[in-house]
Amino acid sequence: MCRSVLFLSQDQNDVIDKHTQSGLDLVERYIKFVKERTEIEQSYAKQLRSLTKKYAKRGSKEEQECRFSNHASFQDILNELNDYAGQRELIAENMMTGICVELTKFLQDLKQERKTHLSDAKKAQQNLESSFKHLESTKKRFAKEWAEAEKATQQAEKTESDLNATKLDVEKAKQHAHARTHTAEECRNDYAALLQKYNKEQNFHYYTEIPQIFNKLQDMDERRIRRLAEGYCQFSDIEKNVLPIISKCLEGISAAGGKINEKQDSLLLIEQHKSGFERPGDVEFEDYTQGIKPATSESSLNPPKVRTKLWPFGKRHKFAPPSFSPPSPVPPGGLPLPLPLSPLQRSPLSVCLRELAQSVKPRISTLKIPHAAEDFSHLPPEQRKKRLQAKIDDITKELQKAQDQSEALEKMKGVYEQNPQMGDPSSLEPQITETTQNIGRLRGELAKYETWLSEAVGGEETANTINNNTQHGGGTVEQPLNIYTEFDDEFDDIENPIGQCTALYTFEGNSEGTISITEGEQLSVMEEDKGDGWMRVLKASGEEGYIPSSYVKLVS
């Protein structure tokens with residue numbers, strides 16, 4: 001076979017050794033190359049992840065901004081880039097396991113196999129050389145013995161031809177020559193046999209043993225080349241396998257840019273920050289040439305004053321408790337001042353003006369300097385409704401979760417009662433009690449926020465009704481009737497008292513939002529003390545306001 005022609009010459013042994021070693025060195029270089037490539041991929045993926053993390057938005061403010069399509073699309077791009085980084089990490093991992101690890105193991109096997117084949121070739125060569133040395137030794141001995149035999153034969157012939165030699169000397173010389181000749185013949189036979197053996201060994205060495213070893217080395221080198229070629233292909237195929245996913249990531253980035261809708265973002269911003277306020281009416285021209293109109297006349301109720309009702313007020317105005325600390329109780333012997341007249345004892349027009357003065361001013365100041373309130377009353381109507389609804393949804397989820405937990409505890413308690421060996425039912429009582437209290441608290445908060453939401457929705461409807469019935473700039477006589485109607489609605493919307501109390505001392509309500517009470521007067525509690533020292537009460541006359549909590553005694 002022609003595949004072994006290159007390896008039949010003994011002088012090619014060093015060439016084979018160097019060639020196979022060069023092939024193993026190439027495999028080792030390729031493994032090192034792939035390792036450095038994986039390090040580059042891992043570093044690239046790490047930097048991409050750090051980049052996406054740096055620009056990813058976190059927090060409630062960012063979550064609000066992500067409702068807009070252009071913000072959300074950028075977050076989608078960051079997510080797709082993060083997935084892209086994951087694919088680069090996958091490339092590095094597959095190259096490390098599929099190429100570096102496998103080729104390293106294959107290289108170790110090749111090194112061991114090459115070492116074995118070269119050792120066998122060296123051993124065969126040494127055996128042949130040893131046999132040749134033995135042949136040369138036998139050949140030299142044969143040559144020596146043959147020379148000695150010829151010399152002994154010549155000496156015997158010389159002795160036989162010598163007339164002075166005795167018959168004994170001649171016989172002795174012939175025997176010596178015969179012995180040397182016999183020894184030479186034996187050496188000749190040994191040399192011939194050993195030569196025949198060596199020729200067979202040499203023939204086996206060069207035509208069978210060495211070609212087989214070199215063929216194994218050739219097979220090994222070809223397997224190395226084939227496996228290295230597979231490694232070259234893997235270098236490309238590993239990346240090709242993730243290209244579909246990488247293409248999807250890139251398509252996702254393009255899709256993120258394509259789904260941006262600028263009109264929708266604008267409408268979302270409008271919807272998100274829509275206040276619900278009605279646009280103010282035209283400011284009426286005030287003609288000073290006609291003289292100053294009396295403040296108490298009915299003509300003073302012109303549309304510009306009605307315009308103040310366009311601000312986001314509820315149906316019923318509730319006085320805020322005074323910001324200062326309540327006064328110390330007056331001794332029982334103090335002389336109380338006369339009570340102010342009840343609003344029901346005054347004229348309807350005075351009642352309207354007084355209510356306008358007490359309700360509009362505090363609310364306008366609140367709008368100028370907004371303060372966060374639990375009922376979100378500091379927000380515009382639309383925003384308040386959204387926040388209240390979101391709060392109701394959150395409380396509803398928490399309530400459902402607490403109810404599920406309560407049911408689970410009750411079921412567990414029932415199981416413990418039926419199977420005492422599984423647990424003590426009394427050990428669950430603290431958790432059941434805590435869960436029950438939590439459910440009650442959540443139900444109370446839910447009812448509270450639902451009430452506020454109902455007020456917010458009702459207040460908006462009332463404001464819209466007033467605005468639709470108002471003719472800006474017309475100055476019609478029907479406007480005062482609309483004002484009276486709303487105030488009648490406010491007076492009709494009476495809250496239910498939460499308790500009764502008796503005044504222990506006389507209190508003069510001189511500040512805004514407070515009322516005067518006398519010692520021994522029976523009052524209805526409308527809002528209990530929230531820790532600021534004030535409570536809201538309703539008098540029998542219908543007057544309502546704040547008084548110091550320490551001036552009254554609750555009646556059970």
Side-chain angles (χ1 to χ4, degrees), residues 1-30 103 105-157 175-230:
M1 296 178 64
C2 62
R3 68 179 294 186
S4 303
V5 174
L6 178 63
F7 303 122
L8 290 179
S9 300
Q10 178 61 29
D11 58 354
Q12 300 297 331
N13 195 11
D14 294 339
V15 175
I16 296 172
D17 189 355
K18 292 180 180 179
H19 176 74
T20 54
Q21 182 61 45
S22 175
L24 297 181
D25 292 341
L26 178 61
V27 175
E28 197 165 358
R29 283 180 61 203
Y30 182 65
L103 276 184
K105 183 179 178 181
F106 179 72
L107 180 62
Q108 297 299 326
D109 295 339
L110 285 183
K111 287 182 178 180
Q112 185 63 36
E113 184 179 354
R114 174 179 174 274
K115 182 179 180 181
T116 301
H117 294 329
L118 293 178
S119 177
D120 292 343
K122 184 177 181 181
K123 184 177 179 181
Q125 187 65 31
Q126 289 175 350
N127 290 337
L128 184 62
E129 291 176 356
S130 177
S131 179
F132 181 76
K133 288 180 180 180
H134 187 49
L135 176 63
E136 287 293 320
S137 176
T138 305
K139 179 181 177 181
K140 289 180 181 180
R141 182 185 174 194
F142 166 64
K144 180 181 178 182
E145 292 295 333
W146 185 255
E148 291 292 336
E150 286 183 347
K151 183 179 179 182
T153 301
Q154 292 176 359
Q155 185 66 29
E157 291 177 354
Q175 289 180 356
H176 177 69
H178 180 72
R180 300 301 295 183
T181 302
H182 180 71
T183 302
E185 286 293 335
E186 288 181 351
C187 289
R188 178 178 179 276
N189 293 334
D190 291 343
Y191 170 66
L194 193 59
L195 178 62
Q196 185 179 7
K197 179 182 177 183
Y198 173 76
N199 288 333
K200 289 182 179 180
E201 289 178 354
Q202 181 179 247
N203 186 55
F204 175 76
H205 176 80
Y206 284 105
Y207 287 92
T208 303
E209 187 176 18
I210 290 300
Q212 287 179 354
I213 293 175
F214 286 173
N215 286 339
K216 290 179 180 178
L217 287 170
Q218 184 176 351
D219 290 337
M220 180 202 73
D221 194 60
E222 289 176 356
R223 281 188 285 110
R224 173 194 65 79
I225 296 174
R226 184 167 57 252
R227 182 64 183 88
L228 188 60
E230 294 175 357

So does Glu113 pair up with Arg224, basic N to acidic O under 4.0 Å?
no
Return the [atom1] to [atom2] distance between [X] and [Y], rounded to the nearest 0.5 Å.
X	Y	atom1	atom2	result
Thr116	Lys216	OG1	NZ	9.5 Å
Asp221	His117	CG	NE2	11.0 Å
Thr181	Glu145	OG1	CD	10.5 Å
Leu228	Phe106	CG	CZ	9.0 Å
Leu118	Ile213	CG	CD1	9.0 Å

Is there a donor-acceptor pair closer than 3.5 Å between any side-chain N or O of [X] and the backbone N or O of [Y]?
X	Y	answer
Thr20	Asp17	yes
Thr153	Ala149	yes
Asn199	Leu195	yes
Asn215	Pro211	yes

Ignoring hydrogens and angles, write down the donor-acceptor pairs under 3.5 Å from the side chains of residues 183-192, residues two or more places apart or on other chains.
unit_1: Thr183; atom_1: OG1; unit_2: Ala179; atom_2: O; d: 2.9
unit_1: Glu186; atom_1: OE2; unit_2: His182; atom_2: NE2; d: 2.9
unit_1: Asn189; atom_1: ND2; unit_2: Glu185; atom_2: O; d: 3.2

Which residues pass the ring-ring contact (aromatic ring centres under 6.0 Å, His included) test with Tyr198, sequence neighbours left out?
Phe132
Test: side-chain hydrogen bond (donor to acceptor under 3.5 Å, both in side chains). Region: residues 130-141. Which pairs qualify, not counting sequence neighbours?
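Output for this query lists Ser131-Glu201.
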